[in-house]
Amino acid sequence: MVTLGWREWVELPELGIPAIKAKVDTGARTSALHSYQLESFRRDGALWVRFWMHPLQKDTQVVRCCEAPVIDQRRVTDSGGHGERRLVISSPLRLGEYQWDIEITLTNRETMLFRMLLGRTAMRGRLQVDPAKSFLFGRRSQVYRSELSPQDT
């Protein structure tokens, strides 16, 4: 079993996100990704969503437009007890040399410290958390900041 810290830099390659700082949250069932301006549309008869996001904390200059098939819609209750209906997508997640598919709910996390939560379902059977550690897979903010330049958005 792979050990990770309570926060890690991860990659969502199919969404065009080379780095995003994720809080590892064993209290959350499903992973959550910052998104705004969601647009649902049909592609080849399937429901898809296009959304925009700021992958870096405290940086609204870097914007990513992402598209993914919608696999579900769920009512999610946040830690404050507020319920919200969210679209759910599936995407590969890369953590160091490891990669696997996870389900992700889309929600506006602009006011949160982390643009992504990695929920327990995404970790099940693969990962364990050391809550005293951070960034066991490296600190990549400077490397990825250049890859996430505003010109690429």
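With sequence neighbours left out, D130 forms a salt bridge (Lys or Arg N to Asp or Glu O under 4.0 Å) with no residue at all. For R94, the side-chain hydrogen bond (donor to acceptor under 3.5 Å, both in side chains) partners are E11, Q99, not counting sequence neighbours. Scanning for side-chain hydrogen bond (donor to acceptor under 3.5 Å, both in side chains) contacts around R7 gives S134, with sequence neighbours left out. With sequence neighbours excluded, no residue satisfies side-chain hydrogen bond (donor to acceptor under 3.5 Å, both in side chains) with Q73.
Between L4 and V129 the shortest side-chain heavy-atom distance falls below 4.5 Å. In this structure, the side chains of R50 and L38 stay at 4.5 Å or more apart for every pair of heavy atoms. The shortest distance between side-chain heavy atoms of E39 and W52 falls below 4.5 Å. Residues I71 and I89 have side chains not in contact (no heavy-atom distance under 4.5 Å, counting atoms from C-beta outward). The closest side-chain heavy-atom distance from E110 to T60 is below 4.5 Å.
Sequence neighbours left out, the pairs with a member in residues 82-117 that pass ring-ring contact (aromatic ring centres under 6.0 Å, His included) are W6-F114.
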Under 3.5 Å, side-chain donor or acceptor atoms of residues 16-29 against the rest of the protein: list the pairs with distances, not counting sequence neighbours.
residue	atom	partner	partner atom	Å
K21	NZ	Q57	OE1	3.4
D25	OD1	G27	N	2.9
D25	OD1	A28	N	3.3

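In this structure, W48 is not a member of the same hydrophobic cluster as L87, with clusters built from ILVMFWY side-chain heavy atoms closer than 4.5 Å. Follow the hydrophobic side-chain contacts under 4.5 Å out from L95 and you never reach L117; the two are in separate clusters. M116 and V2 end up in the same hydrophobic cluster when Ile, Leu, Val, Met, Phe, Trp and Tyr side chains are linked at under 4.5 Å.
Formation of a donor-acceptor pair under 3.5 Å by the T105 side chain with backbone atoms of S31 is found in this model. At least one donor-acceptor pair under 3.5 Å links the side chain of R42 to the backbone N or O of G45. Using a distance-only test at 3.5 Å, with no hydrogens or angles considered, a donor-acceptor pair links the side chain of S35 to the main chain of T107. The main-chain N or O of F137 is found under 3.5 Å from a side-chain atom of E8 such that the two form a donor-acceptor pair.
A pairwise comparison of heavy atoms in K133 and L136 identifies CB-CD2, 3.8 Å as the closest pair.
Put simply, NZ on K58 and CZ on R115 are 10.0 Å apart, with the number rounded to the nearest 0.5 Å.
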